[in-house]
Colleague: 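I am attaching a structure below and will ask some questions about it afterwards.
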Amino acid sequence: MKLNNDVLCVEIAELGAEVTSIFDKEKNTELLWEGDPAYWKRHSPILFPNVGKNFRNQMRIEGNGYPTSQHGFARDSVFNCVSSSAEAASFVLKSSDETKRIYPCDFELYVNYSLMGKELTVEWQVRNCSKKAMYFTIGGHPAFRFEKGEKKEDYVLRFPGKEVLEYILLDPETGTGVPETVYTLKLTEEMCPLTEEMFARDALIFDGSQIEEVWLCQKDGSPYVGMQCKGFPNFGIWSVKDAPFVCLEPWAGRCDDRGFDEDISRKKGIICLQEKELFVKSYKIIAV
């Protein structure tokens with residue numbers, strides 16, 4: 001599936017309803033990571049029904065434990081394309097007997113894409129089709145590739161209007177959050193350099209709706225690609241050692257905290273939908 005306008009060409013796969021390419025026609029440049037498995041095989045997966053890991057890889061719902069994998073099953077599920085045009089497409093994943101064995105909820109997850117000029121809007125709609133409350137988290141995970149031959153040290157991140165940000169890290173043994181230790185990311189003229197050391201302990205996790213806009217910029221501050229994600233309570237920044245990309249990840253909810261072993265309804269930041277209720281969230285990727 002391709003979306004096209006005068007500026008961008010966007011390719012979307014039915015597997016995971018994942019954007020696999022964002023090609024800037026004006027610059028003749030691919031903005032999205034190509035999925036080289038030597039570093040990371042994905043491009044921009046959708047994280048649902050859990051962002052990150054659950055403690056002990058288990059989600060407890062109404063007294064029962066259900067096995068979970070990192071970032072959930074949506075990214076490895078085949079979506080159906082329900083509508084498409086030159087500049088827009090909509091995909092849906094519905095619960096099935098297979099999904100209910102690991103996540104006992106009836107749901108519909110719509111992923112809607114639309115192009116307008118240099119902007120790609122990504123919208124999620126989650127509907128609870130169960131007769132009881134449904135709990136989940138959801139997030140984006142787009143990876144932006146660097147220009148050919150360039151590396152992390154050739155780029156900076158800019159956070160408009162920010163002077164300082166606070167983040168937490170992951171426990172290396174469980175892959176879950178350690179909220180009791182908070183780190184400070186000091187910015188100079190709204191920017192911080194990208195480095196390999198930045199990701200020595202995996203992803204940086206920003207809670208508290210701190211990030212609503214972020215730009216990947218050249219070292220001199222010239223913008224390369226941006227993201228607007230107003231209203232997202234959590235945000236992740238991640239990369240792999242020596243990999244020529246960085247992931248900018250808007251999340252509605254995140255991984256469990258280390259040691260969390262209660263019912264999912266008690267998890268901080270969990271999204272709760274009542275019967276037939278609809279959750280809607282969107283963000284934009286912006287070419288320069």
Side-chain angles (χ1 to χ4, degrees), residues 12 14-19 44-83 88-114 121-141 176-177 207 209 229-236 249-257 260-283:
I12 308 165
E14 290 187 340
L15 180 62
E18 181 179 8
V19 176
S44 61
I46 297 162
L47 318 181
F48 174 88
N50 53 286
V51 172
K53 283 194 172 186
N54 296 112
F55 187 64
R56 295 175 179 164
N57 297 314
Q58 180 175 257
M59 184 183 294
R60 299 188 63 82
I61 302 176
E62 296 183 334
N64 296 312
Y66 296 88
T68 61
S69 58
Q70 185 177 25
H71 294 322
F73 54 75
R75 64 181 184 171
D76 295 314
S77 300
V78 175
F79 284 63
N80 292 322
C81 181
V82 293
S83 67
S90 180
F91 298 80
V92 66
L93 175 68
K94 297 183 180 182
S95 55
S96 63
D97 290 342
E98 181 179 359
T99 65
K100 285 193 282 188
R101 282 196 290 269
I102 55 176
Y103 181 64
C105 300
D106 288 307
F107 68 87
E108 294 177 347
L109 167 59
Y110 285 87
V111 182
N112 305 315
Y113 296 103
S114 60
T121 298
V122 183
E123 180 189 73
W124 310 312
Q125 296 183 4
V126 183
R127 185 177 297 279
N128 180 9
C129 302
S130 303
K131 293 184 178 181
K132 56 185 178 181
M134 171 183 170
Y135 298 92
F136 66 95
T137 57
I138 188 169
H141 200 315
T176 53
D207 294 331
S209 302
C229 50
K230 293 184 179 181
F232 280 81
N234 315 95
F235 199 92
E249 308 177 39
W251 300 336
R254 62 163 174 82
C255 63
D256 285 356
D257 287 339
F260 179 82
D261 200 22
E262 301 181 52
D263 191 89
I264 196 66
S265 62
R266 298 182 179 181
K267 177 178 173 175
K268 182 179 179 180
I270 197 72
I271 301 165
C272 175
L273 287 184
Q274 300 300 326
E275 181 182 0
K276 297 183 180 179
E277 193 172 1
L278 181 68
F279 168 90
V280 181
K281 186 72 75 175
S282 65
Y283 70 95

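Both backbone and side-chain heavy atoms feed into the values below; hydrogens, waters and symmetry mates do not.
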Colleague: Mark yes or no for whether D263, through its side chain, and E62, through its backbone, hold a donor-acceptor pair below 3.5 Å.
Modeller: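 Flag set: sc D263 to bb E62 pair under 3.5 Å.
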Colleague: Which distance, rounded to the nearest 0.5 Å, do you find between the NZ of K132 and the CD of E275?
Modeller: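 Output value for this atom pair is 12.0 Å.
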Colleague: Got a second to check how far S77's OG is from I46's CD1, nearest 0.5 Å?
Modeller: 10.5 Å
Colleague: Please report, to 0.1 Å, the donor-acceptor pairs under 3.5 Å made by any side chain of residues 102-111, with sequence neighbours excluded.
Modeller:
unit_1	atom_1	unit_2	atom_2	d
Y103	OH	Y135	O	2.7
D106	OD1	S95	OG	3.4
D106	OD1	K100	NZ	3.0

Colleague: Output the distance between atom CG (N128) and atom SG (C272), rounded to the nearest 0.5 Å.
Modeller: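 Separation between the atoms: 8.0 Å.
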Colleague: Applying side chain to side chain contact (heavy atoms under 4.5 Å, CB included) between N54 and each of D261, T68, T176, report the one that passes.
Modeller: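 The side chain to side chain contact (heavy atoms under 4.5 Å, CB included) with N54 is passed solely by T68 among D261, T68, T176.
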Colleague: Roughly how far apart are C129 SG and M134 CE, rounded to 0.5 Å?
Modeller: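 C129 SG to M134 CE: 8.0 Å, rounded to 0.5 Å.
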Colleague: Looking only at heavy atoms, what is the nearest atom pair of V280 and E123, with distance?
Modeller: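 Of all heavy-atom pairs spanning V280 and E123, the closest is CG1-OE2, 3.7 Å.
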Colleague: Run Y113 and V122 through side chain to side chain contact (heavy atoms under 4.5 Å, CB included) and show every step you take.
Modeller: CA-CA 5 Å; Y113 296 103; V122 183; 3.8 Å; yes
Colleague: What's the shortest heavy-atom distance between G177 and R254, and which atoms?
Modeller: CA-NH1, 4.3 Å
Colleague: Under the ring-ring contact (aromatic ring centres under 6.0 Å, His included) rule, collect the residues that match up with H141, sequence neighbours excluded.
Modeller: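 Residues passing ring-ring contact (aromatic ring centres under 6.0 Å, His included) with H141: W40, H71, W238.
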Colleague: If you compare all heavy atoms of S44 against all heavy atoms of V19, which two are closest, and at what distance to 0.1 Å?
Modeller: OG-O, 2.7 Å
Colleague: Return the minimal non-hydrogen interatomic distance between G139 and W124, and the atom names on each side.
Modeller: C-CH2, 3.3 Å
Colleague: Do you know which two heavy atoms are closest between P233 and G253, and how far apart they sit?
Modeller: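 Scanning both residues completely, I find the closest heavy atoms to be CG-N, 4.0 Å.
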Colleague: How long is the straight-line distance from OG1 of T121 back to OH of Y283, given to the nearest 0.5 Å?
Modeller: 10.0 Å
Colleague: Residues two or more places apart in sequence or in another chain: which of them pass salt bridge (charged side-chain N to carboxylate O under 4.0 Å, His left out) with K268?
Modeller: none
Colleague: Does the side chain of N234 reach to within under 4.5 Å of the side chain of V51, using non-hydrogen atoms?
Modeller: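 No, too far: nothing below the 4.5 Å cut-off.
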Colleague: For F136, which residues count as a ring-ring contact (aromatic ring centres under 6.0 Å, His included) partner, sequence neighbours excluded?
Modeller: F48, F279
Colleague: When you compare the side chain of T137 with that of W251, does any pair of heavy atoms fall below 4.5 Å?
Modeller: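 No, every pair of side-chain atoms sits at 4.5 Å or beyond.
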Colleague: Measure the shortest side-chain to side-chain distance between F73 and P49 over non-hydrogen atoms and say whether it is less than 4.5 angstrom.
Modeller: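 The answer is yes, as the side chains (C-beta and beyond) meet within the 4.5 Å cut-off.
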Colleague: Residues in salt bridge (charged side-chain N to carboxylate O under 4.0 Å, His left out) with K267, at least two apart?
Modeller: D256
Colleague: Does the side chain of I138 come within less than 4.5 Å of K281's, by heavy atoms?
Modeller: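 No. Closest side-chain heavy atoms not under 4.5 Å.
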Colleague: When you measure from the side chain of R127 to the backbone N and O of E277, does any donor-acceptor pair fall under 3.5 Å?
Modeller: no
Colleague: For the residue pair A74 and F79, what are the closest heavy atoms and their distance?
Modeller: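 Taking A74 first and F79 second, the nearest heavy atoms are O-CE1, 3.4 Å.
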Colleague: Holding to salt bridge (charged side-chain N to carboxylate O under 4.0 Å, His left out), I want the full list of residues that pass it with R101, two or more places apart in sequence or in another chain.
Modeller: none
Colleague: To the nearest 0.5 angstrom, please state how far the CG atom of N50 sits from the OH atom of Y66.
Modeller: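 Interatomic distance, N50 CG to Y66 OH, rounded to 0.5 Å: 14.5 Å.
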